[in-house]
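Values below: all heavy atoms of this structure, side chains included; hydrogens, waters and symmetry mates excluded.
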Amino acid sequence: MGRTLIIIFTLTSFLSCKQGKQRDKFVFKPIAEPLSKYSDQTFDEVFFTENFYSYSEWAKVDSLEKLTGSFVDATTGKTILDTTKYFYLAEAFVVEQDDTTFIRTCKAILTDTSLNLVLNDAPFSQRSTGLEITKSGNIFKSNYVVTAIPTDSSYKLPTFTTLTQNILFDKQEYKKGDVLKGKLSLTIKAFYPTSNIVDTIKVFGLLKTNVD
């Protein structure tokens, strides 16, 4: 009887560990959830239970996930095939003028006074904008920012103003080493002085990153 219990316990522990391990899944482009999902606090989306990954913007991948492209390193002249799996730490969508792009990288840094998140899309693409989020106590502050400054000195940088924001984290407090799960839904006003155009940008998505 005792041996039977040991075997059952061992099998149960093995299955529990196996089920608890997150699966790596290649995702070429994120697929948006229904918009209502970015405002509820369930955190039951597949993104939180599987590790989504892709490759750098320089790598070409066919329908069978086979790497078919390489690039030439400008400093060495060598042809390089980057086979590194870059995992999505965010699955966010940026919608501007019916054009949708992505933000898939998120870094969270904890200080004595705040929790600071920096979001961009490197190395997946060369997006020139990103998002910064600061949590101080119960207060969230978001800033949409330019991440790549044009070399043309005559170019005037756009200005961004957050009109509405809904940011949710799975916990109230974090410590270093914790996994942060989050959701965001933002509306941002963009003013482009060079063309004198005012536009509206919508950003919504999911976050899953370690706190440093």
Cluster link [X] to [Y], ILVMFWY, side chain under 4.5 Å:
| X | Y | answer |
| --- | --- | --- |
| Ile167 | Leu110 | yes |
| Leu186 | Leu119 | yes |
| Val146 | Tyr144 | yes |
| Val95 | Leu35 | yes |
| Ile109 | Leu117 | no |

Begin with the C-alpha distance, continue with both residues' side-chain angles, and end with the deciding distance and a verdict on salt bridge (charged side-chain N to carboxylate O under 4.0 Å, His left out) for Asp178 and Lys171. CA-CA 10 Å; Asp178 284 351; Lys171 295 196 301 184; 3.1 Å; yes

Indicate the ring-plane relationship of Tyr88 and Phe124, choosing parallel, tilted or perpendicular according to the 30° and 60° boundaries.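 Tyr88 and Phe124: perpendicular rings.
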
Point-to-point distance, once rounded to the nearest 0.5 Å, from [atom1] of [X] to [atom2] of [Y]:
| X | Y | atom1 | atom2 | value |
| --- | --- | --- | --- | --- |
| Leu163 | Ile201 | CG | CD1 | 10.0 Å |
| Thr105 | Leu207 | OG1 | CG | 11.5 Å |
| Asn120 | Gln126 | CG | CD | 12.5 Å |
| Lys25 | Glu50 | NZ | CD | 5.0 Å |
| Thr100 | Phe93 | OG1 | CZ | 8.5 Å |
| Tyr192 | Ile197 | OH | CD1 | 9.0 Å |

Here's one to test your reading of the geometry: is the NZ or CZ of [X] within 45 degrees of the ring axis of [Y] and under 6.0 Å from its centre?
| X | Y | value |
| --- | --- | --- |
| Lys208 | Phe47 | yes |
| Lys135 | Phe169 | no |
| Lys85 | Tyr53 | yes |

Under 3.5 Å donor-acceptor, [X] side chain and [Y] backbone:
| X | Y | answer |
| --- | --- | --- |
| Thr162 | Ser142 | yes |
| Tyr38 | Glu33 | yes |
| Asp121 | Arg104 | yes |
| Asn143 | Val145 | no |
| Thr111 | Ser114 | yes |
| Lys189 | Phe160 | no |
| Asp199 | Ala190 | no |

What do the steps show when you test Phe52 against Phe87 for side chain to side chain contact (heavy atoms under 4.5 Å, CB included), and what is the final call? CA-CA 6 Å; Phe52 292 177; Phe87 288 91; over 6 Å; no

Is any side-chain heavy atom of [X] closer than 4.5 Å to a side-chain heavy atom of [Y]?
| X | Y | answer |
| --- | --- | --- |
| Glu91 | Val46 | no |
| Ile103 | Val94 | yes |
| Asn116 | Val118 | no |
| Lys181 | Thr209 | no |
| Ser54 | Tyr86 | no |
| Lys183 | Phe204 | no |
| Glu45 | Asp40 | yes |
| Leu115 | Val211 | yes |

Side chains of [Y] and [X]: any donor to acceptor distance under 3.5 Å?
| X | Y | result |
| --- | --- | --- |
| Gln172 | Asn138 | yes |
| Thr187 | Thr164 | yes |
| Arg127 | Ser125 | no |

Check step by step if side chain to side chain contact (heavy atoms under 4.5 Å, CB included) holds for Val203 and Leu184. CA-CA 8 Å; Val203 182; Leu184 57 89; 3.8 Å; yes

Heavy-atom pair with the smallest gap, counting every atom of Tyr55 and Thr83: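 That would be CE2-O, 3.6 Å.
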
Cys106 versus Ala90, closest heavy-atom pair with distance: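 Taking every non-hydrogen atom into account, CB-CB, 4.1 Å.
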
Mark yes when over 12 heavy atoms from residues, nucleotides or ligands other than Lys107 sit less than 6.0 Å from its NZ; otherwise mark no.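 No - once you tally the heavy atoms of other residues, nucleotides and ligands closer than 6.0 Å, there are 12 at most.
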
Using side chain to side chain contact (heavy atoms under 4.5 Å, CB included), reason through Asn166 and Leu168 one step at a time and then give a plain yes or no. CA-CA 7 Å; Asn166 184 24; Leu168 302 171; 4.0 Å; yes

Using the rule given for side chain to side chain contact (heavy atoms under 4.5 Å, CB included), can you reason through Lys141 versus Ile133, listing the C-alpha separation, both sets of side-chain angles and the distance that settles it, and then say yes or no? CA-CA 6 Å; Lys141 182 179 179 181; Ile133 297 173; over 6 Å; no

